[in-house]
Amino acid sequence: MSEKLSDRYNPADVEGRTYAWWEKEGYFKAQDQSTKPPFSIILPPPNVTGFLHMGHALDHTVQDMLIRWKRMNGFNTMWLPGTDHAGIATQSVVEKDLKKSGVTRHELGREKFVEKIWDWKHQYGDRIYSQMRRLGDSCDWDRAVFTLDESASKAVRKVFVSLHQKGMIYRGKRLVNWSGPLETAISDLEVEHQTVKGSLYHISYPLEDGSESLVVATTRPETMLGDTALCVHPEDPRYKALIGKNVVIPLINRKIKIIADTYVDKDFGSGVVKITPAHDFNDYKIGVTHNLEFINLLTKKAEMNENAGPYKGLKVQEARKRVLEDLKNGNFLIKEEPHIHSVGHCSRSGAVVEPFLSEQWFVKMDQLATPAKRVVESGTIRFEPESWTKVYLHWLNNIEDWCISRQLWWGHRIPVWYCGDCEHQTVSETDITACEKCGSTKLRQDEDVLDTWFSSALWPFSTMGWPNESETLKTFYPTSYLVTGHDIIFFWVARMIMMGLEFQRDVPFRTVYVHGLIRDSQGRKMSKSLGNSIDPVDMIEKYGTDALRFSFAAHLFSGKDFKFNEQRIEGYRNFMNKIWNAARFALSNLSDFNTPAEGTAALPNKAHVSVFDQWIITKLEQVTKEVETAMEAERFSDAATALYQFIWNQFCDWYIEFTKPIMNGSNHEEKAATQMVIAQVLNRMMRLLHPFAPFISEEIYQKLPIRGAACIVDQYPNLRNDKDFLSLGSEQAALEIDVVKEVITAIRNIRGENRISPAVKINVRLGVNNDHVQKLLGNNRTALMTMGRIENLEVGADGDLMKCAVAPVVIGDASVNVIIPLEGLVDFDEEIKRITKTIEKLQKDISMLTAKLSNEKFIANADEDVVAADRVLLSQSKVQIDSLRDALVRLQ
RNA sequence: AGGGAGUUAGCUCAGUUGGUAGAGCGCCACCCUUACAAGGUGGACGUCGCAGGUUCGAAUCCUGUACUCCCUACCA
C-alpha cells in the first residue's frame, strides 16, 4: 500500500506487463467442457501479413468488451483468433516485392513462388497478433488458426467435395469479371464502381446491301471487333423492317445480323445496340438467348488477341484509340459526345475490370440462399442494428452464382484432377495418384485456387475442428456474436450463414453486431491509397490503449459510420489520468486502513457511515444499474458514458472532496467507515470499468486493499450480486447531498461572477425556511465551509441583507437563500449584472410556465406528473425571482 | 435508377415511448486551493437543413423538399 504511484498514468509501464501476466495466468483460455454457460466469438480473421488498422481496432474493441464483460459475468468465454491467407492481397504484395529483384512469378514457377509467400507469411505472420496483444485482445491464443492450416484445409476440401456431389458446384465457361494485372477472375463484390467521364461514340454500321447505315452508340468502340449482332427493340418503327437483315462491321468487314430484343431502350442513343457477348454482361445474356457467337478479343493480360486482327497485342486503351482513328478515317465515326458513366475497377489492382469469357468454378446460390434468408426473417439470427436485415435480404433476393475459382497460386488449390487418358474429372478430399475411372496416373490437378472467402465462409466451424466432431464444436457452436463492419456483410456474413446451415444444420451465430466504419476527418473511407489511414498503434503509443478503446466504446451508438477525431482520444486519455489520480489519492488515504480478513463481509460499520458515503453508494447503485441495462441492450456508449460521469462528476468532483475533512478529522469510527467505503467503491469502479479500460482497471485493482486474484476474472457488479453493499446507500442522503451541492454551487457562482479570488475566504449566511433544512445544513457545516472557502458561516434567518449578493436555492420543499456580504470585497456592478441576468431568465421561464398552466387544454390533456412538475417549477421560480428582486433593489 | 442513412452549439457527436435542448473538445474569466494544469471553479454559445401538417405541446410523429454520404444495379 505504501507503493508510490506516479502522478501521471503511464500506459507504457502497465500494458505490456499486465497483458503478459494475464496470458501467463491463462485467463483468456476457454474450456471445452465446463459447467459455466458458453459464450463465444470467432474473430474475423485479418490478413495474415497485414497491419492492424483503425477498423480492426474498433472491431476488436467491441469483441473484447463483450468477451471481458461476459467472462466477468461467469461465462465460459471463448474468443477464437485466426488469420486469413488473403489470396489476392498477399500474392500481389509478394509479387511486387519479387519484381524489385527483376523476377516475375512465372519465371520463378509456381512451387518456388508459393514457397516465397510462405517465407513472407513466416516473417510477418505474427505481426498482426502482436498488434492485437497491444490492443488488449483477450483471445484464446492456443486456438489460433490460419486459413491454410491443415485442419482448415481439410474442412475446405470436405465442403468442396460435398457441394460438388450435391451438384451445387459446377464448372462452366462464363463471362466473369477479369483483372488484367492480376490475371485472374474476381467476384462481383471485388469490383468497385467508379463514376468516370468518358465519351459516347456514334458509329455507323452499313447494311450488307449498302442501302443505308445504322448508327450505334457505344462507350467502348474497340469491342466492335467482337460484335456478333446488332440489336433493336422489336416495336421500334424505325428499325422494324430491318430485323433479320445483315450489317457489316466497319474496319473488319464481318457480317452480323440485326436482331430484336425488348432489352433495348428505344429512347437511349440511337435505339440500336451492338452486341458483344464475350465482353459485356448484358450482351452475354442476349448472346445466350439468341444463340450468338462469342468472340473473345482479349488475352489473360487484357491485351487484344488474334481475334482483333490488326489490333492484336495492343492494350485495351490503345486499341480503342487506334480503332477510333481508323473509324474516323473511314468516315464511320458520326459523332463523339461526352458521357458520364460508371466503370468497374478491380478493388485490388485498381485496373478497369474487363468482362472476360473463361472456364471457372461456380457455387449455385439458390439452394443455399433460401434457408439463409429464412433464419434472418424468422429472427433466429438478429442483426443489430436491425436495419441491416433489409440490406442482407435484398442482396440474397438478387443473388447470382458465386464464382469461386481464382487464377492465383496462393490459396486452397481446387481438389479436382483431370485424367490425361480418359479425361475424367476426379474430385477428392485427399490428393490422388490415379484416375478413379481408368486408373491412369497421367493426372493434372486443376491449376486454380479457391476464392479466399470460400474458406472464410466455413470459419465458424472449420476453426473448431470440423470435420471432426470436436468437443469445442459441441460447446461453442453456434457462436454468440459476430462482430463486423457493414462492408463485409455480403462477402462474409451471408456466406457463413449459408455454409453453417448447410454443414452444421444450424446458424453460425445468433447476433450480428454491425458497427460503423471509421472515416477520416473529411468523411472519406480510410485507405492506404488515399494516404489518410491512421495507425492505431501510433494512437496507443501516444495516448494508451485504454484511451483508444474508451473512445471507441463511447462512440458506439447505432452502427453509424463516424469521423475519426483524435481530440476525443486525448479527452479519454485525460479521463484515464483522472482515474489514476483519484485512485492514487484515495489509496493514500488508506495507508492506515484495517484490511478485513478474507472471507469477511468487509462492510463499513453502519452506525458510522457518513451521509456522503450513503450518497456515493446510492450513486454507485445507479451507475451499476445503468451499465447493466446498457450492456444488455448493446448500448455500449451509454454504459461508457454513465461510467465516465459517475467517476468524474460524482466520485472525483464531489465524493473525494467531501471525504477530505473526514480523512483529516479526529472521528476514528467515521474515518474507518469511510475508508471501507472508499476501498469498496474503488473496487467496484475498477470492475465496472474493466471491459472498457482493461489495463488501468487491472493495474489499480491490483493495488486495492480489498480485491480478488485479478480484475479480469472477478465478478462484474450488478444489483443482485452487490446487494449487501448497495443497501447501505440512502435516497434520503442523496437528497440531502443535492441541497448541499446546490448551495456550494451557488456560493461558487457568486464568487466566480464577482471575481472573488479563491484565496479570499468569505463570510456566508444561509437563510432557511424551516428547521429541517437548518439542521441539514448545520450537519454539513464542514463540507460547506471547505468547499465554499468560507471564513464564517451562519445558518438561520435571512437577517440584514444590505449590500449582499443573494442566490436563492430551491430544491423540493427546501429553500435556501445564499447570502454573501460584498461590502469591502468588490463593487456591486458585477453582482447587479449577475442578478439581472438571472432575473431575466427566470422571467422567461415564469411567463412560459404561466401561459402553459393557464391553457385549459394542457391541464386537461397532459400527464398529471407533467402538470404537477410544471406547477412546482413555477412556484419555485417565483420564490427565486422574489428574493433576487429584493436583492437588486438593495444593491442599487 | 432502386434501396438505406444522415442533416442538432465553432468541431466530433448524444438525445429510447412527443412535455421548457445535452456531452466532450474548443472559446472567455479567475485560479499552480497539499490527487490530478492531461487539473479546478465559474461563464458564453443552438429559432435542432427547409416548408407544411397532426397535437394543448414536435429535434422527436406524418407529408413534401434541399443537400451530403453509403450500398446495390446499370442505358449500349
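In what follows, chains carry the letters A, B, and so on, assigned in the order in which the sequence lines appear, proteins first and then strands, with residues in each chain numbered from 1.
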For a quick check of understanding: with a heavy-atom distance under 4.0 Å over all strands, which category does A:Arg751 fall into, base, sugar-phosphate or nothing?
nothing
Does A:Trp648 put a side-chain nitrogen or oxygen below 4.0 Å from OP1 or OP2 of B:G40?
yes
Checking all strands, does A:Thr745 fall into the base, sugar-phosphate, or nothing category for heavy-atom contacts under 4.0 angstrom?
sugar-phosphate
So what does A:Lys837 hit on the nucleic acid, given a heavy-atom distance under 4.0 Å: a base, only sugar-phosphate, or nothing?
sugar-phosphate
What's the CG-P distance between A:Asn577 and B:A38, to the nearest Å?
9 Å
It should be established whether A:Arg789 places a side-chain nitrogen or oxygen under 4.0 Å from OP1 or OP2 of nucleotide B:G40.
no
ring-ring contact (aromatic ring centres under 6.0 Å, His included) with A:Phe490: which residues, sequence neighbours excluded?
A:Trp395
For a quick check of understanding: with a heavy-atom distance under 4.0 Å over all strands, which category does A:Asn749 fall into, base, sugar-phosphate or nothing?
sugar-phosphate
Just to be sure I understand the rule, does A:Cys231 reach a base, reach only the sugar-phosphate, or reach nothing, if contact means heavy atoms closer than 4.0 Å?
nothing
Is A:Lys266 salt-bridged to A:Asp236, cutoff N-O under 4.0 Å?
no
What nucleic acid atoms does A:Thr218 come within less than 4.0 Å of, heavy atoms only: base, sugar-phosphate, or nothing?
sugar-phosphate
So, using ring-ring contact (aromatic ring centres under 6.0 Å, His included) as the criterion, who are the partners of A:Tyr205 when residues are at least two apart?
none
Is there any protein nitrogen or oxygen under 3.5 Å from a nitrogen or oxygen in nucleotides 30-32 of chain B, and what are the pairs?
none

For A:Glu400, answer base if it contacts any base atom (sugar-phosphate contacts may also be present), sugar-phosphate if it contacts only those atoms, and nothing otherwise; contact means non-hydrogen atoms under 4.0 Å.
nothing
RNA chain B in dot-bracket form (Watson-Crick or G-U pairs under 3.5 Å, [ ] crossing, | inter-strand) is (((((((..((((.....[..)))).(((((.......))))).....(((((..]....))))))))))))....
Looking across every strand, which nucleic acid part, if any, lies under 4.0 Å from A:Arg573 by heavy atom: base, sugar-phosphate, or nothing?
base
Classify the nucleic acid contact of A:Lys390 as base, sugar-phosphate or nothing, counting any heavy atom under 4.0 Å across all strands shown.
sugar-phosphate
Could you tell me whether A:Asp283 contacts a base, only the sugar-phosphate backbone, or nothing, with contacts defined as non-hydrogen atoms closer than 4.0 Å?
nothing
Using atom names, set out every protein N or O paired with an N or O of nucleotides 56-63 of chain B below 3.5 Å, distance rounded to 0.1 Å.
| from | atom 1 | to | atom 2 | distance (Å) |
| --- | --- | --- | --- | --- |
| B:C56 | O2' | A:Asn855 | ND2 | 2.9 |

Return the orientation label for the A:His555 and A:Phe562 ring planes: parallel under 30°, perpendicular over 60°, tilted otherwise.
parallel
Expressed in angstrom and rounded to an integer, what is the separation of A:Asn589 atom CG from B:A35 atom P?
9 Å
Contact list (N/O, under 3.5 angstrom) for nucleotides 6-12 of chain B vs protein:
| from | atom 1 | to | atom 2 | distance (Å) |
| --- | --- | --- | --- | --- |
| B:U12 | OP1 | A:Lys563 | NZ | 3.4 |
| B:U12 | O2 | A:Arg568 | NH1 | 3.4 |

